[in-house]
Amino acid sequence: MTEDFIEQSKRDVVAERLAAEALIIDVDGFEGPLDLLLTLSRTQKVDLRTISILQLARQYLAFVEKAKELRLELAADYLVMAAWLAFLKSRLLLPPDPEEEGPSGEELAAHLAFQLERLQAMRDCAAKLMARDQLGKDFFKRGIPEDITKTRIVTYSANLMDLMQGYARMRTKDEFRPFILDRDSVWTMEQALERMRGLIGYAGAWTDIISYLPDGWGNDPKKRRSATAATFAASLELAKEGKVEIRQSGTFEPIQLRSKERGT
Amino acid sequence: MSEETLPEDTDTPEAPQEESLFEAPPMGEQERMVEALLFASAEPLTVKELNGRMPHGADAAEAIVHLRKRYEGRGVRVNKVGDAWAIRTAPDLGFLMQKEQVETRKLSRAAIETLAIIAYHQPVTRAEIEEIRGVSVSRGTVDQLLDMEWIRFGRRKMTPGRPVTFVVTQQFLDHFALESARDLPGLKELRAAGLLENRLPPGAMPTVSEDEDLQEETNEGQSELFED
Amino acid sequence: MSEETLPEDTDTPEAPQEESLFEAPPMGEQERMVEALLFASAEPLTVKELNGRMPHGADAAEAIVHLRKRYEGRGVRVNKVGDAWAIRTAPDLGFLMQKEQVETRKLSRAAIETLAIIAYHQPVTRAEIEEIRGVSVSRGTVDQLLDMEWIRFGRRKMTPGRPVTFVVTQQFLDHFALESARDLPGLKELRAAGLLENRLPPGAMPTVSEDEDLQEETNEGQSELFED
């Protein structure tokens with residue numbers, strides 16, 4: 001019995017030593033300082049909620065010391081964590097200085113405990129997730145999916161303009177110039193915009209946009225159409241810029257605008 | 001369900017199977033298994049293959065009979081494919097497996113020009129179209145327009161060789177929102193609409209050409225296509 | 001079934017559907033159709049997709065309810081996968097299907113943890129993942145999960161830098177037989193324990209480089225990926 005006990009405790013000691021060495025040797029195997037802290041916290045054999053952060057900080061610092069002795073190169077973030085834990089340790093040990101600003105040692109320790117608990121929770125979740133039935137491993141999709149035959153229906157489009165242009169092109173051969181607009185009955189949006197910018201400053205009250213049509217463009221239907229379209233587009237542009245407000249009481253009713261700066 | 005078995009053979013007639021350490025699962029379970037196997041397998045499975053994959057003592061053949069019955073009148077059915085079995089869509093629902101994809105393409109320039117000539121000059125022969133376009137009309141272009149049902153064969157021309165003619169269809173008129181082909185704007189109107197350069201070559205107005213020297217095209221035996 | 005209809009609207013409460021020239025097929029038929037469509041497809045189909053393939057006026061959502069019930073306890077089942085549906089074999093029969101088993105790519109511990117964090121915390125930024133794991137997330141890990149189509153980009157977060165977020169996909173739900181991300185195991189408990197809160201560290205804590213490399217990512221034109 002006693003021999004067994006001695007054997008057992010010997011074995012424990014060996015196991016512990018091996019574990020400690022493994023920690024050091026496997027430092028590359030850790031997924032960062034938080035992971036190392038979580039691993040170290042297990043040696044306290046308590047619930048993460050009741051863990052002693054002070055003790056954990058000591059363990060971590062001892063680990064880093066050991067690694068230095070063994071001339072293991074630790075990544076920078078391990079050293080940053082070590083410096084921070086040293087700071088935390090001193091805060092936890094010294095009586096709180098009322099002059100000092102910032103969070104207390106307890107608050108910092110509580111947050112570290114929270115981080116460890118959260119990381120552990122995510123690890124558990126990951127394990128639970130991977131333990132679920134998985135597609136292609138535990139359950140399966142249809143082995144012979146039936147193809148959805150895609151029948152491609154091609155429709156060709158051509159409009160009357162294409163047709164007429166095509167015809168005109170042939171009948172007039174080389175003289176044909178494709179789609180030339182008669183520019184002298186076209187009022188562009190740029191022109192309308194320029195004109196309106198000069199005028200809206202005076203438009204405090206609601207005014208029909210038709211009144212912004214350039215002089216002499218209201219009579220000829222073709223000119224009137226072009227100028228109205230350009231003025232309307234320009235009004236929208238000005239509204240977008242926040243310069244004017246636009247309203248229309250109903251379909252086909254006059255469209256009115258007023259300057260925003262003055263109107264309110 | 002009892003685990004005990006008498007050491008002596010009981011003479012029950014429904015136990016002709018070879019003896020096994022494990023009892024075969026109940027038939028309901030076997031049916032589920034066959035269902036899952038046929039569903040997941042990448043190819044149809046024979047009874048032998050099914051039995052090979054099911055627990056010892058299972059009877060896939062019988063399970064299939066049950067499963068088949070269960071799927072009678074359903075959206076899928078258990079079909080025999082050669083000597084194997086597979087789950088397949090019920091034939092009356094095959095139409096669901098087709099997806100129509102509508103693709104709109106711009107009509108080629110050659111097709112538009114050919115179409116325009118037919119619309120303005122109908123009834124018009126292929127030779128006349130070529131005369132106006134100044135290039136030969138490919139078979140494909142005409143076929144495409146026929147296929148789209150925008151043109152059809154008109155009466156043969158009463159000229160030597162009796163060439164076939166083309167006319168536009170009601171579908172064409174519907175597509176271009178025209179009452180009749182006569183509503184197409186003439187060159188004068190095209191010009192007025194700014195579609196044309198002002199100067200017109202003399203005699204370029206659309207007229208129904210009655211040229212008679214265009215007879216090469218005539219001998220395609222398509223008289224059966226003349227409906228009108 | 002009568003073709004006649006009164007000129008005036010009849011006030012039947014059970015006819016709220018839009019009127020259609022054709023009557024929708026009876027529900028039994030609709031169930032068959034959904035059955036056929038889901039059997040035919042290896043990937044989940046949304047109700048919208050199903051309705052799009054079924055005759056006008058059909059109600060795939062209702063048909064699925066019936067179908068799902070019909071397959072309860074069978075060898076295959078109707079799984080809800082996010083807003084889509086798929087037929088999958090019953091998990092208890094997986095042992096029969098060694099032949100169909102696909103060798104899945106072995107995921108690293110980092111990848112599995114990252115996946116779990118995205119699933120439980122979604123939408124989550126890379127900086128948040130790093131905060132939880134206490135280590136920077138390698139590009140390869142995220143790329144692998146994106147490549148497997150288990151995660152995708154979510155909406156940008158409305159915080160400085162407008163960082164991209166990650167969310168899990170329909171494929172993820174399908175793979176783990178989850179109806180939605182809300183059905184993740186232990187989600188409620190985690191939330192109750194406050195472990196899903198984004199608790200900010202009090203004062204300066206060692207955190208991984210949050211910003212520099214994230215910033216560049218935000219400028220990539222990925223806005224079209226943000227559907228939801």
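In what follows, every heavy atom counts, from backbone to side chain, and hydrogens, waters and symmetry copies are set aside. In what follows, chains are A, B, ... by sequence order, proteins preceding strands, each numbered from 1.
Contact of A:Arg118 with chain C is made through backbone and side chain together, with heavy-atom distances under 4.5 Å. In this structure, no portion of C:Phe95 lies under 4.5 Å from any heavy atom of chain A. For C:Tyr120, the part sitting under 4.5 Å from any heavy atom of chain A is the side chain, from C-beta outward, and nothing else. Neither the backbone nor the side chain of C:Glu189 comes within contact range of chain A; no heavy atom of the residue lies under 4.5 Å from a heavy atom of that chain. Contacts between C:Leu187 and chain A at a heavy-atom distance below 4.5 Å are absent for every atom of the residue. Contacts of C:Ile132 with chain A are made by both backbone and side-chain atoms, with heavy-atom separations under 4.5 Å. With a threshold of 4.5 angstrom between heavy atoms, C:Ala193 approaches chain A through its backbone and through its side chain. For chain A, the nearby part of C:Asn79 is the side chain; its heavy atoms alone come within less than 4.5 Å. Only the side chain of C:Leu115 comes within contact range of chain A, with heavy atoms under 4.5 Å apart. Of the two parts of C:Ala86, neither the backbone nor the side chain holds a non-hydrogen atom closer than 4.5 Å to a non-hydrogen atom of chain A.
Two residues are said to be in side-chain contact when any heavy atoms from C-beta on lie closer than 4.5 Å; C:His121 and A:Met122 meet this criterion. Looking only at side-chain heavy atoms (C-beta outward), A:Cys125 and C:Leu184 stay at 4.5 Å or farther from each other. Using a 4.5 Å cut-off on side-chain heavy atoms (C-beta onward), C:Ile87 and A:Arg142 make no contact.
Distance CD/A:Glu31 to OG/C:Ser108: 7.0 Å, rounded to 0.5 Å. One distance of note links CD of C:Glu113 with CZ of A:Arg123; it measures 4.0 Å at 0.5 Å rounding.
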Exercise for review: Could you please spell out the steps behind the side-chain contact (heavy atoms from CB on, under 4.5 Å) verdict for A:Phe139 and C:Leu93?
Suggested key: CA-CA 7 Å; A:Phe139 63 99; C:Leu93 299 176; over 6 Å; no

Review point. Taking it one step at a time, do C:Val135 and A:Asp35 satisfy side-chain contact (heavy atoms from CB on, under 4.5 Å)?
Key: CA-CA 9 Å; C:Val135 69; A:Asp35 183 32; over 6 Å; no

**Study point:** Working for side-chain contact (heavy atoms from CB on, under 4.5 Å), residues C:Met97 and A:Asp138
**Key:** CA-CA 8 Å; C:Met97 268 150 287; A:Asp138 306 291; over 6 Å; no

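Side-chain atoms of C:Arg88 do not come within 3.5 Å of backbone N or O of A:Lys141 as any donor-acceptor pair. Proximity of a side-chain donor or acceptor of A:Gln134 to a complementary backbone N or O of C:His175 within less than 3.5 Å is not detected.
Atom NZ of A:Lys128 is surrounded by more than 12 heavy atoms from other residues, nucleotides or ligands within 6.0 Å. The number of heavy-atom neighbours closer than 6.0 Å to CZ of A:Phe114, taken from other residues, nucleotides and ligands shown, is above 12.
When every heavy atom of C:Arg133 is checked against every heavy atom of A:Leu119, the shortest pair comes out as CA-CD1, 3.9 Å. C:Gly134 and A:Pro33 make their closest contact through O-CD, 3.8 Å (heavy atoms, listed as atom of the first residue, atom of the second, distance). Contact detail for C:Glu131 and A:Leu34: the closest heavy-atom pair is O-CD2, 4.3 Å.
Contact tally against chain C (heavy-atom pairs below 4.5 Å) for A:Ala83, A:Gly136, A:Gly32: the top residue is A:Gly136. Between chain A and the residues C:Glu100, C:Glu197, C:Gln101, the largest count of heavy-atom pairs under 4.5 Å involves C:Gln101.
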